[in-house]
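Some notes on the structure that comes next.
Order of the sequence lines fixes the chain letters, A, B, ..., with proteins taken first and strands second; residue numbering starts at 1 for each chain.
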Amino acid sequence: MSPESTFYVTTPIYYVNGRPHIGHAYTTIAADMAARWHRLKGDNVFFLTGTDEHGQKVLEKAVERGMSPQEHVDDMVQHWKASFGKLEIQYDRFMRTTDADHIANVTSVLTHLHEKGLFYKAEYTGWYHVGDEIFVTEKDIEEGKYDRSELSEISESNWWFKMSAYQQQLLDKINSEPDFIQPEGRRNEVLGFLNTKTLTDLCISRPKSRMSWGIELPFDDEFVTYVWFDALLNYLTGTGYTADGTGTPPSGFDSWTDLWPANFQIIGKDILTTHAIYWMTMLMALEVPLPKTLFAHGWWVSSDGQKMGKRHGNTIDIDLLVQEFGVDAVRYFFLREIRFGNDGAFSYDGFMARYNADLANDLGNLAHRAISMTTNWLGGVVPEYEAAVANEDELKVLATQVVKTYNESIDAMRFDTALEALWELVKAGNKYIDTSEPWKLNREGDLAKLRTAKRVVLEICYLAATLLMPVIPNKSRELLTNLGRNEFAAKDYLKLLVSGAPVGLDALPAGIPLTYGDPLFPRHKELPQAIQKLFEAPKVEEKAAEPEPEVKLSKRQRKEAERAERKAKELAYQQPIDVDHFKHVQLRAGIILSAEAHPNADKLLVVQVDIGEDEPRQIVAGIATKFSPDEVVGKKVVVVSNLQPANLRGVESQGMILAAGATDVVDLVSVDAEPGEVVR
RNA sequence: GGGCCCGUAGCUCAGUUGGUCAGAGCACCCGGCUCAUACCCGGAGGGUCGUAGGUUCGAGUCCUACCGGGCCUACCA
């Protein structure tokens, strides 16, 4: 196979510990749609998805369950495979990071990069949570996941990847290729990051003494590979890539270079940075081409039309939707409702409305009435084209146009546009029935015209069923069967369609028998009981749920809480406080003994302040924009001495120096007093 | 604190580089048809395109400020 006709698409590999939810389903359905479409077109497709199975949390969970980590992930992975099965995901490889070939390939990459001198060993100092055995970031603390009081600052050696070396190269790449990161908003986000931040190096190891569940570093057996580094490499190891060139490509491909660079790497926008920065610099270090497109899609959020219930928060119960509406409807909805890449508002009512309008009323009913009339009046076989009845030629032009738009839109991941275009034809089919008035032709016994009238509509159904194979695979097959066709025939038809030839609406062989089956998509007059229950249940459970501490706030809820807190604080700031409040703040006079620039920040100074204690206090102060280190040495200052210590860009700060200036520093607050004197 | 994005009919969303761009679908109302899943077809109503300025012969479409929502990111100690 020549590389031109291959199509390689990936989803992230999902963290095996969790359960599949709408976010995973959405990504994977979209990738599956693209993969199926290209398979049908005859491309040599490779669709890679899977699970990420190493790391701290997996190990913890395994211990909790009294299992080995491998037993645990072997068990958990079943949920994922089952879920993808229910969603009709036709992947070519389900990558597990515990797969032997992945481990071997990652190992080869690590060896290679180490030999190239792109790794180095260095100390890392950070906040560590002993109970959870993990390093906690400042962000985690800000988000309230951890309280500083339960953390200790520790140092440990680790291996680092020289990611910082690739900043300019990556910037150039993104600047020169507008379609590299899509949609544009995400591209801007990455550019903004790269333009304003200095890339740091990436820690790629964990000491086994602390965390052993991972791929051992081939050059230092005291460490395992950090999960992200391991996981990201799956996209490449899945192609059979190894650094030494001895890997085995998937069957049907001669070499990993047949597949790589991937055509599309689809991710959710939450892991944009990891992919756009970490992954791309890793590839640059390997001197491997970057994927053609990294596509970050948006989220589904609940719309306000419906209360989704406290218990169900903003979740969309995809299993329930599949159960009540069928997997085809679910796939159709998520691909059709919004532009892939944007956020969208979800409601069950909206889902049902879309289902009824597009699938039941428009498409399902079109097929049903067409086959019904043909069965009742024309013996239930595909009729010949005979006398012209209405605007058959216009329909052919429209169909040709629709096929073109459909094809082009899918290539650009604009599934909504593709389906919208196809529905123009479906609607035109319904209109054509009205215009051709077959019931009248039947009454008048004008069989020549009646045959044409029916043939045209059956052809539209055939065209729709064919184009919809990657979207609604089951219903599409059912419709094809009812039309006396199978998927092989449809696949040939599809190839003909996308070749760009004018659509003649004459693809069905005359005389083949039709099947008048049940409606494809039964109409729902109201939301299924099982879904309605979602909205009733909370009332009963609300009370019981209340005392439950807010263990698992969604990210969104957390943000809202933060915002509320900030507002409250702002308000509080304007309110008078009583004197006891103020007394909580311990202020001491001090004198700056020495000062130096912060090693990794240009607005900060690191100063040593004598406040009358045995040891001087080290304080990181944001005053470098106004003062040089030399200027502040010897200055008398006022220090907040009972402030929680904080780590600012890697340097501990044990207090705060009072300064004047709301935004920019104007001057330091100074008192003429001995160091240690209380300021009140 | 810095940056990015969004705010268009009751609802969900389209609106390329400024010039029939004020749209589609759903919902609602009126009319038609009867093959069909109370469906389909036709038609009407409905928006000063978040607010206020500005650039332009002309702006949802560009600029500025503000309000509201989302996201990313911080060198506040």
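- Separation of the P atoms belonging to B/rA9 and B/rG46 is 14 Å when rounded to the nearest angstrom.
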Could you summarise the pairing of RNA chain B as dot-bracket text, marking Watson-Crick and G-U pairs under 3.5 Å with ( ) or [ ] inside the strand and | across strands? (((((((..((((.........))))..((((.......))))......(((((.......))))))))))))....

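- Between B/rC13 and B/rG50, the two P atoms lie 16 Å apart (nearest whole Å).
- Contact annotation for A/M373: base contact, defined as any heavy-atom pair under 4.0 Å involving a base atom.
- Heavy-atom nearest nucleotides on RNA chain B were determined for A/E437 and for A/G364, and the one closer to the 5' end corresponds to A/E437.
- Counting to the nearest Å, the P atom of B/rA36 and the CG atom of A/N442 are 11 Å from each other.
- Taking atom CG of A/D358 as the reference point, atom P of B/rU37 lies 19 Å away to the nearest angstrom.
- Using a 4.0 Å cut-off between charged side-chain N and carboxylate O, A/K427 and A/E424 make no salt bridge.
- A/N342 comes within 4.0 angstrom of sugar-phosphate atoms only, judged by non-hydrogen atoms across all strands, and of no base.
- Looking only at atom types and distance, the side chain of A/R523 has no donor-acceptor partner in the side chain of A/N365 under 3.5 Å away.
- The distance from atom CZ of A/R443 to atom P of B/rC33 is 11 Å, rounded to the nearest whole Å.
- The distance from atom CZ of A/F193 to atom P of B/rC72 is 12 Å, rounded to the nearest whole Å.
- Using a 4.5 Å heavy-atom threshold, the side chains of A/D416 and A/L335 count as separate.
- Candidate nucleotides B/rC26, B/rG70, B/rU34 were compared by shortest atom distance to the side chain of A/D343, and B/rG70 ranks first.
- Ring centroids of A/F333 and A/F346 are separated by less than 6.0 Å, placing the two rings close together.
- Within 4.0 Å (heavy atoms only), A/A621 reaches sugar-phosphate atoms of the nucleic acid but no base atom.
- The separation between A/R336 atom CZ and B/rG25 atom C1' is 7 Å, rounded to whole Å.
- Of the candidates B/rU37, B/rC71, B/rU73, the closest approach to any side-chain atom of A/L520 belongs to B/rU37.
- Ranked by how close their nearest RNA chain B nucleotide is to the 5' end, A/W377 and A/G185 are led by A/G185.
- Side-chain polar atoms of A/Q618 and A/Q608 form a donor-acceptor pair below 3.5 angstrom.
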Does the pair A/F295 and A/T27 meet the rule for a side chain to side chain contact (heavy atoms under 4.5 Å, CB included), with working shown? CA-CA 10 Å; A/F295 197 108; A/T27 313; over 6 Å; no

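- The nearest whole Å value for the distance from the CG atom in A/L199 to the C1' atom in B/rU73 is 13 Å.
- Taking atom P on both B/rC11 and B/rA65, the two are 30 Å apart, rounded to the nearest angstrom.
- A/P522 comes within contact range of at least one nucleobase, with a heavy-atom separation under 4.0 Å.
- There is no side-chain donor-acceptor pair under 3.5 Å between A/Y385 and A/E392.
- A gap of 15 Å separates the C1' atoms of B/rA14 and B/rC6, to the nearest Å.
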Could you run down nucleotides 38-44 of chain B 5' to 3' and tag each one B, S or - for protein heavy-atom contact under 4.0 Å? -SBSS--

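- Nucleotides B/rG3 and B/rG45 are separated by 45 Å at their P atoms, to the nearest Å.
- Annotation: side chain of A/V638 is not in contact with side chain of A/R588 (no heavy-atom distance under 4.5 Å).
- Under 4.0 angstrom from either OP1 or OP2 of B/rA27 there lies no side-chain N or O belonging to A/R354.
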Could you please spell out the steps behind the side-chain hydrogen bond (donor to acceptor under 3.5 Å, both in side chains) verdict for A/D328 and A/N474? CA-CA 7 Å; A/D328 297 275; A/N474 298 311; 3.3 Å; yes

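- Side-chain polar atoms of A/N391 and A/Y432 form no donor-acceptor pair below 3.5 angstrom.
- Atoms CH2 (A/W299) and P (B/rG69) sit 22 Å apart, rounded to a whole Å.
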Before you tell me yes or no, could you show the steps for A/F334 and A/I22 under side chain to side chain contact (heavy atoms under 4.5 Å, CB included), namely the whole-Å CA-CA distance, both residues' side-chain angles and the distance that decides it to 0.1 Å? CA-CA 10 Å; A/F334 287 113; A/I22 177 65; 3.3 Å; yes

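- Residue A/V190 is out of contact with every strand shown, counting any heavy-atom pair closer than 4.0 Å.
- A/R414 has no side-chain polar atom (N or O) that falls below the 4.0 Å cut-off from OP1 or OP2 of B/rA14.
- Paired with A/Y26 under the rule ring pair (Phe, Tyr, Trp, His ring centres under 6.0 Å), one option of A/W300, A/W299, A/F415 passes, and it is A/W300.
- In this structure, B/rG25 is classed as anti because its glycosidic torsion departs from zero by more than 90°.
- When the C1' atom is compared between B/rU64 and B/rC28, the two are found 41 Å apart, to the nearest whole Å.
- Following rounding to the nearest Å, A/L363 (CG) and B/rA36 (P) show an atom-to-atom distance of 18 Å.
- With both ends at atom P, the span from B/rC30 to B/rU17 equals 42 Å, rounded to whole Å.
- Separating the P atom of B/rU61 from that of B/rG53 is a span of 14 Å, rounded to the nearest Å.
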